Amino acid sequence: MKKSAAGDGALGRDKGAMEDSSELLRKKREKANELKAAGVDLYPNDMRVDHTAGDLIDIYGEANGETLERLGETFRLAGRIMARRVFGKASFISIRDRKGDIQVYIRKEKIGDELYGLFRKFDIGDFIFISGSLFRTNTGELTIDADTVRLLSKCMRPLPEKWHGLTDIEARYRQRYLDLIMNPAAKETFIIRSRIIRLIRQFMMERDFLEVETPMMHPIAGGAAAKPFKTHHNTLDMELYLRIAPELYLKRLVVGGMERVFEINRSFRNEGISTLHNPEFTMMEFYLAYATYEDLMALTEEMISFVARDIFGTLQFVYQGVDIDLSPPWPRMTVKEAISAFAGISPERLDSQESALNEARRLNAPVTDADSTGKIVMAIFEAVVEEKLIQPTFITRYPVEVSPLSRRSSDNSDYVDRFELFIYGREIANAFSELNDPDDQRERFLQQVAEKESGDEEAHEMDEDYITALEYAMPPTAGEGIGIDRLVMLFTDSPSIRDVILFPHMRTKIKNA
RNA sequence: GGGCCGUUAGCUCAGUCCGGUAGAGCAGCGGACUUUUAAUCCGUUGGUCGGGGGUUCGAAUCCCCCACGGCCCA
C-alpha cells in the first residue's frame, strides 16, 4: 500500500508518542478505519448475552447432533476471537469468554454477503457478539451456527502467537492481561487463589470470627521484625509507615472485646524481592481469646486441610515434583530438637552464647558477637533446618529474645509459647499465645529499642499506645499470621510468588512495548 | 550486594563459539477455498539485533560500561 510520506509524517507528529511505530500496528489501524468507514461502531455497548461458552459446554457437551437440531433455541454469547479459519464462503472461529472457549461457524449464506464481508475484517483479539443455534460438526465438535455476528470491541494490537503463546516471563508479569488471555494456567492460578481466600474466610466465619479492617498506614511500624516503607501525610504533616503487620491493631480489638477477629489483607516490607518475597504481600492474621498456641496448631491443621480437601479433593498433592502429605496430626518439634535432628548439634551447645556463636560461625550463619543466644540459635535454625522441613511441621519453643510480642512459657521464661509452621521448607504460619502483661510488654519493647539503637533496623519501636491498651487488659489470647501468597503457591504448584500475585513489583522500564 | 544466564520482526525462536548482504514458523497483507480446528495452497510486507562506547576495512557476533529480566547465593 502506498503512502504519502509527507502526510504520514505530519500525522505522526500530531499523534505524538503513541503513533504506531510498526507497520503491523499501522495496518491494524487502517483496517479498523475501513470498518468505521463502512458504518461499523468499533466500540458499541448495547448487546446483552444470555449464555457463556462454559454454560453451553456444561449443558450440551454430551448432547448428540439430533438433540441439538431439535432444540430450536438461539443462544447469545460474547467473547474474544482466539482463532480464525476463514474460507471463501464460510469460516470457523473460536471465541473465549470467562468460562471457556466455543467454536462458531459463520456462513455467508446465512448471515448475508455484506455482513460476511465485514466479518472478514474481524481479527484475532477482537471482542464480538454472536447469536445462533447449536450443532455438531463432522468431527463432533459442539459449535454455534451463527445467524449474526457483531463487533463489540476492536483489538488494535496483535495477540501473541497462537501456539507458543506468551512465554517471556518479564512480559507475562508486566503485561499480565496478555498472560491471562494467552495462558489458561495463569488464569486458573488466580481463580484458585480466589477460591482459597473464600474458603479461609468461610472457615473463619463458621467459627464466629469477625472480619475487620485495620489501618494500613501506621505512625509506628510494629507487629513484625521488618523494614517499613515510609510515607508522609501532608495535612497532618506527619510521617507514616505502610504497615508491616496488622498485629498490634488486631490485638487492640481483642482488648475492645472482639474476642475472635481476623483480617485478610496486604502488608508491606521494604526488603528484598525473591521467589518468596514481594514488597507487598497478603497475610491473614487472626486472634482467638481464651485459647493457646497449642489450640491454634489444631485449628491450623483443620484450616489448611479444609482448603486442601476442597482444592485437591485429598490431603496429598505434589508441589514442584515433591509429594506433600497434609494428613494430620503434623509433627511437632522444638527449635532445639530440630537443630539437633537436622544439624547434629546437641542442645547443650545452644545454651551458652559462646558455644552457640561457634556453631553458627562453623555453619556460616549470619551472626555477630553482640547477638543474643536466642538470635544466634534462630540464625542456625534458618541456615540448616528450615529447608529440610518439607512435610508440614510445627516448630515450637522459640527464644524470648526473638519473640517480643509472645507470652513467656509458664515452665521457662526464656522461651515463649509460639510455633511456626513449615511446608516445603517455607514458613507458612507464625503463631503464639499473646503477651498480655503490659509490664512485660514494656520490658520487651525496651529491649527492642536497645537493639535498634545498637544497629538492628528491624527491631521494634516503643509503642506506648499499645501498652496503654494492654493496661486496660487483654484476655488470654492466641493469634496467628498465615502467608496467603505462599499458601497459594503450594496449592497451585507455582514456583515463584510472582506467579500468584497479579501485578508483582518490577523496576519501571523507560522503553515500553 | 555477588555469581551465572538471557534481551534479534507483534509473538516463539535460529544465527553469536569461528566477524563478511539479518533468517524461520506463527501473526499480518493479496489471492483461492462452505465442516475447519496449529486448516490448507500460491504470493508477499515487516528489523534502531535492549542502550551507549570501543576494536576492526567490516560487529547481532569480539571487548568495556549501562538498563531490564530470570535462577542461585548473601
Side-chain angles (χ1 to χ4, degrees), chain A residues 1-3 20-32 34 53 65 68-69 81-96 100-113 116 119-126 132 134-146 155-179 181-183 271-277 320 360 363-368 379 382-384 386-387 425 494-499 504-513:
Chain A
M1 203 160 287
K2 284 189 179 160
K3 58 175 184 179
D20 308 335
S21 50
S22 81
E23 164 142 4
L24 201 56
L25 294 187
R26 268 203 308 278
K27 275 273 196 286
K28 284 247 170 207
R29 210 161 272 280
E30 277 170 26
K31 214 168 160 188
E34 285 169 26
L68 294 174
E69 244 169 74
I81 301 176
M82 296 305 292
R84 211 169 152 261
R85 294 176 286 279
V86 177
F87 310 121
K89 295 178 181 135
S91 304
F92 288 93
I93 58 172
S94 53
I95 62 169
R96 174 170 298 170
D101 292 14
I102 194 153
Q103 181 168 259
V104 183
Y105 189 41
I106 294 170
R107 292 179 289 152
K108 192 178 199 174
E109 182 183 86
K110 186 150 188 179
I111 68 169
D113 288 8
Y116 195 75
F119 161 75
R120 290 192 61 142
K121 294 195 192 299
F122 294 0
D123 292 319
I124 288 175
D126 292 351
L134 283 172
F135 76 109
R136 249 175 223 291
T137 62
N138 288 345
T139 53
E141 181 164 350
L142 186 69
T143 302
I144 297 174
D145 186 17
C155 181
M156 304 301 279
R157 288 173 180 267
L159 290 187
E161 204 239 354
K162 63 182 169 186
W163 191 240
H164 300 94
L166 185 70
T167 62
D168 180 292
I169 200 140
E170 184 176 351
R172 290 183 52 206
Y173 295 150
R174 287 190 194 275
Q175 294 180 279
R176 183 67 89 181
Y177 46 91
L178 283 181
D179 189 30
I181 292 167
M182 299 309 299
N183 299 318
E271 293 166 0
I273 294 179
S274 75
T275 50
L276 292 177
H277 301 89
Q320 299 295 294
L363 297 162
N364 281 323
V367 289
T368 67
E382 279 170 37
V384 297
E386 277 194 14
E387 61 180 12
S494 300
S496 169
I497 198 169
R498 286 181 287 259
D499 298 326
H505 281 286
M506 310 196 92
R507 281 184 200 273
T508 48
K509 229 176 175 180
I510 315 280
K511 191 181 145 195
N512 205 358

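What you see is a predicted model, and the numbers here were worked out from it, not measured in a lab. Atom set for the values below is all heavy atoms of this structure, side chains included, hydrogens, waters and symmetry mates excluded.
Side-chain nitrogen and oxygen atoms of A:R85 include at least one within less than 4.0 Å of the OP1 or OP2 phosphate oxygen of B:A39.
A distance-only check finds no donor-acceptor pair linking the side chain of A:Q175 to the backbone of A:L178 [under 3.5 Å]. Under a 3.5 Å cut-off, the side chain of A:R120 and the backbone N or O of A:V86 do not form any donor-acceptor pair. A side-chain donor-acceptor contact under 3.5 Å links A:N183 to the backbone of A:L166.
One N or O donor and one acceptor, one from the side chain of A:Y105 and one from the base of B:U34, sit under 3.5 Å apart. Side-chain N/O atoms of A:T167 and base N/O atoms of B:U12 include no donor-acceptor pair closer than 3.5 Å. Checked by distance alone, A:Q103 brings a side-chain donor or acceptor within 3.5 Å of a matching partner on the base of B:U36.
Nucleic acid contact for A:R136: none, since no nucleic acid atom lies under 4.0 Å from a heavy atom of the residue. Within the nucleic acid shown, A:T275 comes within 4.0 Å of sugar-phosphate atoms alone, with no base atom in reach, counting heavy atoms only. When heavy atoms are screened at a 4.0 angstrom cut-off, A:G272 is found touching no nucleic acid atom at all. At the heavy-atom level, A:K31 lies under 4.0 Å from the strands shown only through sugar-phosphate atoms. Using a 4.0 Å heavy-atom cutoff across all strands shown, A:R172 reaches no nucleic acid atom at all. If you check every strand for non-hydrogen atoms under 4.0 Å, A:Y116 touches nothing. Nucleic acid contact for A:R507: sugar-phosphate only, since backbone atoms but no base atoms lie under 4.0 Å from a heavy atom of the residue. At the heavy-atom level, A:K162 lies under 4.0 Å from the strands shown only through sugar-phosphate atoms. Residue A:N364 is out of contact with every strand shown, counting any heavy-atom pair closer than 4.0 Å. Backbone-only contact: A:L166 has heavy atoms under 4.0 Å from sugar-phosphate atoms and none from a base.
Each of A:A90 and A:M506 was assigned the nucleotide of RNA chain B with the nearest heavy atom; the assignment lying further toward the 5' end belongs to A:A90. Heavy-atom distances to RNA chain B give each of A:R107 and A:R84 a nearest nucleotide, and the one nearer the 5′ end belongs to A:R84.
Atom NZ of A:K121 sits in a sparse spot, with 12 or fewer heavy atoms from other residues, nucleotides or ligands closer than 6.0 Å.
At whole-Å resolution of the value, CZ in A:R120 and C1' in B:G30 are 11 Å apart. Between A:D168 atom CG and B:C5 atom C1' the separation is 14 Å, expressed in whole Å. If you measure from atom NE2 of A:H164 to atom P of B:A14, you get 11 Å, rounded to the nearest angstrom. Taking atom NZ of residue A:K108 and atom P of nucleotide B:U35, one finds them 15 Å apart after rounding to whole Å.
The minimum heavy-atom distance linking A:A53 with A:G100 is given by the pair CB-O, 3.5 Å.
The nucleotide B:C49 finds no pairing partner, because no Watson-Crick or G-U wobble arrangement with both distances shorter than 3.5 Å includes it. Across all strands shown, B:G1 forms a Watson-Crick or G-U wobble pair, both distances under 3.5 Å, with B:C73. Nucleotide B:U40: paired with B:A32 (Watson-Crick or G-U wobble, both distances less than 3.5 Å).
Rounded to whole Å, the P atom of B:G43 lies 38 Å from the corresponding atom of B:G52. Nucleotides B:U44 and B:U48 place their P atoms 23 Å apart, quoted to the nearest Å. Rounded to the nearest Å, the gap between the C1' atom of B:G25 and that of B:C68 is 27 Å. Comparing the P positions of B:G3 and B:C18 gives a spacing of 24 Å, expressed to the nearest Å. Distance check on atom P: B:A27 versus B:G15 gives 24 Å, rounded to whole Å. Atom C1' of B:C42 sits at a distance of 43 Å from the matching atom of B:C57, rounded to the whole Å. B:G6 and B:G46 have their P atoms separated by 30 Å, with the value rounded to a whole Å. Here, B:U7 and B:C41 have their C1' atoms 36 Å apart, quoted to the whole Å.
With B:G46, B:U35, B:U36 as the candidates, the nucleotide lying closest to the side chain of A:F135 is B:U35. In the set B:G25, B:C68, B:A27, B:G25 carries the atom at the smallest distance from any side-chain atom of A:E161.
Residues satisfying the side-chain contact (heavy atoms from CB on, under 4.5 Å) test with A:E69, not counting sequence neighbours, are none. Qualifying side-chain contact (heavy atoms from CB on, under 4.5 Å) partners for A:A379, counting only residues two or more places apart in sequence or in other chains: A:A365, A:V367.
Both geometric conditions, a ring-centre gap below 5.5 Å and a plane tilt below 30°, are fulfilled for A:F92 over the base of B:U36.
Using a 3.5 Å distance cut-off with no hydrogens or angles, the side chains of A:Q103 and A:Y105 do not pair a donor with an acceptor.
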